[in-house]
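One-based numbering, in listed order, for ligands and for the atoms of each. For this chain, numbers begin at 1 and follow the sequence in order.
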Amino acid sequence: MSTLRHDDPHSLRHFAISQSAPGHWLPWGRFPDAVRTGWHQVTAAHGEENIFDYFSTHLDEASSFTESMGNLSRASALDIAAVLDTKGVTLALDIGGAGGDVILAMMKANPELDGGVFDLPHIVPVAAEAAKAKGLEGRFTTVGGDFFDSVPAADLYILKYILHDWDDASCVRILRNCRASLANGGRIAVVDHLVGEVGEPGLAPLMDMNMLGMTGGRERQITEFDFLFTAAGLRRVKVSTAGAFAVIEAEHTTLTSSIQL
Ligand SMILES: C[S@@+](CC[C@H](N)C(=O)[O-])C[C@H]1O[C@@H](n2cnc3c(N)ncnc32)[C@H](O)[C@@H]1O
């Protein structure tokens with residue numbers, strides 16, 4: 001029960017609140033239709049193109065969802081910080097970074113590192129507050145925007161639980177925008193679950209179902225990430241494990257891809 005308290009270090013309070021709020025449970029109530037059509041049920045349930053459009057007009061639920069991401073991220077932020085080498089990195093940006101738990105853990109572990117969160121304009125104030133509460137505001141920036149338009153320049157991007165929200169064409173658009181602003185010699189770190197064989201238990205298949213009903217995205221295998229990287233002009237250079245997550249690093253490639261998405 002203590003995990004439902006807000007002051008428990010392993011609190012899942014906001015996760016429980018946000019998953020049982022109408023934004024989530026109404027599309028989930030149509031899960032059989034998601035299976036039949038292969039597409040998310042947010043439009044059928046809420047009349048919105050995607051769940052983030054729904055949140056933009058339901059700010060209480062948006063705030064609870066952002067906190068719920070923090071509940072999940074806090075558990076793995078230190079593991080992610082431990083496997084991501086930030087030597088020589090001037091600025092690391094957490095793209096779609098919500099409340100900033102991952103980048104703030106990285107900054108805490110690496111006192112030289114400047115970091116920031118890029119997210120939708122109504123979300124980034126939460127990250128700014130979190131940085132202030134940790135005394136890290138002097139090295140921290142927030143930028144509000146749309147990653148389908150562009151992202152600010154940096155030499156390390158972290159995309160945690162971002163690509164799993166989107167179909168392949170959208171993922172490639174996000175990755176191409178990151179590539180376009182990535183400093184020479186910079187890296188993109190995708191943090192997502194890796195799915196195994198069908199029938200293999202774990203969090204990944206459950207989250208895969210959540211993505212089917214809620215977003216039109218999915219959890220992927222490593223070869224599916226490679227396909228996205230290649231289509232975006234990137235190449236995978238490293239894979240590490242951080243708790244339940246894979247940290248998949250990619251960098252520029254000069255090879256041109258013939259993949260059209
Ligand atoms: C599943 S959450 C992941 C949050 C965080 N990275 C984590 O793992 O805890 C997806 C994030 O992407 C952000 N987002 C969605 N659409 C976006 C867009 N078009 N541009 C920028 N951020 C967006 C959401 O506001 C949300 O914070």
Side-chain angles (χ1 to χ4, degrees), residues 11-12 14-15 18-19 23-24 27 40 42 48-81 84 92-106 115-130 142-152 154 156-167 169-178 181 188-193 203-204 206-208 210-219 242-248:
S11 176
L12 291 175
H14 285 283
F15 187 67
S18 113
Q19 294 294 306
H24 271 75
H40 73 76
V42 170
E48 296 284 1
E49 196 176 319
N50 63 57
I51 188 64
F52 301 107
D53 286 351
Y54 171 86
F55 285 148
S56 70
T57 56
H58 295 76
L59 295 179
D60 279 357
E61 276 196 60
S63 149
S64 167
F65 179 74
T66 299
E67 294 284 347
S68 82
M69 287 295 100
N71 284 174
L72 297 188
S73 281
R74 239 156 266 154
S76 48
L78 287 178
D79 294 330
I80 296 168
L84 266 178
L93 282 183
D94 198 344
I95 302 297
D101 292 272
V102 171
I103 187 66
L104 289 169
M106 289 173 63
V117 161
F118 176 85
D119 206 303
L120 295 167
H122 58 278
I123 303 295
V124 290
V126 183
E129 279 302 310
T142 56
V143 184
D146 181 347
F147 49 46
F148 290 113
D149 291 340
S150 65
V151 300
L156 175 61
Y157 295 118
I158 298 107
L159 285 86
K160 174 169 171 290
Y161 266 171
I162 300 303
L163 299 188
H164 84 159
D165 285 337
W166 303 99
D167 63 17
S170 304
C171 289
V172 171
R173 220 169 121 194
I174 296 167
L175 289 171
R176 281 183 183 151
N177 285 343
C178 291
S181 299
I188 297 175
V190 171
V191 184
D192 258 320
H193 302 300
L203 183 56
L206 276 179
M207 201 51 96
D208 195 33
N210 194 22
M211 292 305 108
L212 172 62
M214 292 302 306
T215 70
R218 61 203 166 94
E219 307 306 324
F245 291 94
V247 179
I248 311 164

Looking only at atom types and distance, does a side-chain atom of D119 sit under 3.5 Å from a main-chain N or O of A98, one as donor and one as acceptor?
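Pair found, side chain donor or acceptor close to backbone of A98.
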Strictly under 6.0 Å, is that where the ring centroids of Y157 and F118 end up?
no
Are there more than 12 heavy atoms of other residues, nucleotides or ligands under 6.0 Å from atom CG of L78?
no
Counting only heavy atoms from other residues, nucleotides and ligands, does the tally under 6.0 Å from CG of D60 exceed 12?
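It does not: D60 CG has 12 such atoms or fewer within range.
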What do the steps show when you test S56 against L120 for side-chain contact (heavy atoms from CB on, under 4.5 Å), and what is the final call?
CA-CA 9 Å; S56 70; L120 295 167; over 6 Å; no
Under a 3.5 Å threshold, I'd like every N/O contact between ligand 1 and protein atoms, with atom names and distance.
unit_1	atom_1	unit_2	atom_2	d
ligand 1	6 (N)	G96	O	2.8
ligand 1	6 (N)	K160	O	2.7
ligand 1	8 (O)	K160	O	3.2
ligand 1	8 (O)	K160	NZ	2.8
ligand 1	9 (O)	S73	OG	2.7
ligand 1	19 (N)	D146	OD1	2.9
ligand 1	20 (N)	F147	N	2.9
ligand 1	25 (O)	D119	OD1	2.6
ligand 1	27 (O)	D119	OD2	2.7

Of all the heavy-atom pairs spanning M214 and G23, show the shortest one and how long it is.
CE-O, 3.5 Å
